[in-house]
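Every number for a ligand or one of its atoms is a count from 1 in the order of the listing.
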Amino acid sequence: MEIVAILGSPRRQGNSDMLLDTFLKECSGVTGVKILVPAQMNIEHCRGCRSCENTGLCVISDDMQKALELLIQCTGVVLSAPVFFYGFPASLKAFIDRTQCVWSRKYFLKETFPPKKGFLLSVGATRGKKLFDGVQLTTRYFFDSFGCEYTGDAFFRGFDRTGEIAGCEECLAEVRRKARNFFSSLQSLSEAADGQSENT
Ligand SMILES: Cc1cc2nc3c(=O)[nH]c(=O)nc-3n(C[C@H](O)[C@H](O)[C@H](O)COP(=O)(O)O)c2cc1C
């Protein structure tokens, strides 16, 4: 059971980093965790050329090819990122836009991908009711592009300073509880996949 964890903040040791770290510490049954940090990867912006609609391939060669394979082959994805102007930080948005070639493989070329489950962690400084609407919608459609079911989220308002969320025991307890549920739901997905491969 392989997990891909995406740290969407450009700030290391920040709030998203703390949330992801807390979540991953509950990962029982997981054989491998690959952590991707878009801000530290070589990722060009999507050019919107639409070439992938016919080929399923991106014309740009950079760190995304490897990342896309990991996303397609894994059992679960955890994305942790802050809100920047009611959306995601630019480096993460570039990463997400570049999954368009996988979206094309699914919707134009009718390819199916192994089932997987995803979870979103997000944090923002303010307290508005709609603070996480944008990132939640983007994540739903990002996950869907590679056959990943959006199974849940945890959102935290009012945290701005670096790593400040580490002092909120209630927040971390919520993350741990949701992580345990997430990893046990992955276990059943992985067992179902094993059963299927034994029967073929
Ligand atoms: C460029 C930028 C834009 C931001 N936009 C918002 C915003 O729209 N709403 C909000 O509540 N916080 C906003 N914030 C604050 C961050 O969401 C907040 O500091 C968060 O805790 C950062 O998480 P991190 O430590 O994982 O980077 C913004 C911060 C930056 C640097």
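- Residue Val123 approaches ligand 1 through these ligand atoms, each under 4.0 Å from one of its heavy atoms: 17 (O), 21 (O), 23 (O).
- Note: Phe119 and Tyr150 fail the aromatic proximity criterion, with ring centroids not under 6.0 Å apart.
- Between Arg98 and Asp62 there is a salt bridge, with a side-chain nitrogen of the basic residue lying less than 4.0 Å from a carboxylate oxygen of the acidic one.
- Taking atom 26 (O) of ligand 1 as the reference point, the nearest protein heavy-atom neighbour is Ser16 OG, 2.6 Å.
- Thr162 does not count as a contact of ligand 1, since none of its heavy atoms falls under 4.0 Å from the ligand.
- With ring centers used as reference points, Phe132 lies under 6.0 Å from Phe155.
- Under a 3.5 Å cut-off, the side chain of Arg157 and the backbone N or O of Lys129 do form a donor-acceptor pair.
- In Leu131, the part holding a heavy atom less than 4.0 Å from any atom of ligand 1 is the side chain.
- Checking only distances, Asp17 never comes within under 3.5 Å of ligand 1, N or O to N or O.
- Set against the non-hydrogen atoms of Gly14, the atoms of ligand 1 under 4.0 Å away are 25 (O).
- Geometrically, ligand 1 and Ala125 share a nitrogen or oxygen pair separated by less than 3.5 Å.
- Side-chain atoms of Cys58 and Gln65, non-hydrogen and from C-beta on, do get closer than 4.5 Å to each other.
- When only non-hydrogen protein atoms are considered, atom 27 (O) of ligand 1 lies nearest to Ser9 OG, 2.6 Å.
- Near Gly124, meaning under 4.0 Å from one of its heavy atoms, ligand 1 places the atoms 11 (O), 17 (O).
- Asp133 has its side chain out of reach of Leu137: every pair of non-hydrogen atoms, C-beta onward, lies at least 4.5 Å apart.
- When the heavy-atom distances from atom 17 (O) of ligand 1 to Val83, Leu19, Val135 are ranked, the shortest goes to Val83.
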Using the rule given for side-chain hydrogen bond (donor to acceptor under 3.5 Å, both in side chains), can you reason through Arg12 versus Gln40, listing the C-alpha separation, both sets of side-chain angles and the distance that settles it, and then say yes or no? CA-CA 10 Å; Arg12 298 309 296 265; Gln40 296 182 345; 3.3 Å; yes
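- If you check which protein heavy atom lies closest to atom 19 (O) of ligand 1, you get Asp160 OD1, 2.4 Å.
- Between Arg140 and Asp144 there is no salt bridge, since none of the side-chain N atoms of the basic residue sits less than 4.0 Å from a carboxylate O of the acidic one.
- The protein heavy-atom contact nearest to atom 11 (O) of ligand 1 is Thr126 OG1, 2.6 Å.
- Nearest residue to atom 30 (C) of ligand 1 from Phe85, Phe159, Phe84 is Phe84 (criterion: closest heavy atom).
- Under the 4.5 Å side-chain criterion, counting only non-hydrogen atoms from C-beta, Arg177 is not in contact with Glu26.
- Of all protein heavy atoms, the one lying nearest to atom 23 (O) of ligand 1 is Pro82 CB, 3.3 Å.
- Using cut-offs of 30° and 60° on the angle between ring planes, the pair Phe143 and Phe146 is perpendicular.
- For ligand 1, the atoms lying closer than 4.0 Å to a non-hydrogen atom of Tyr86 are 8 (O).
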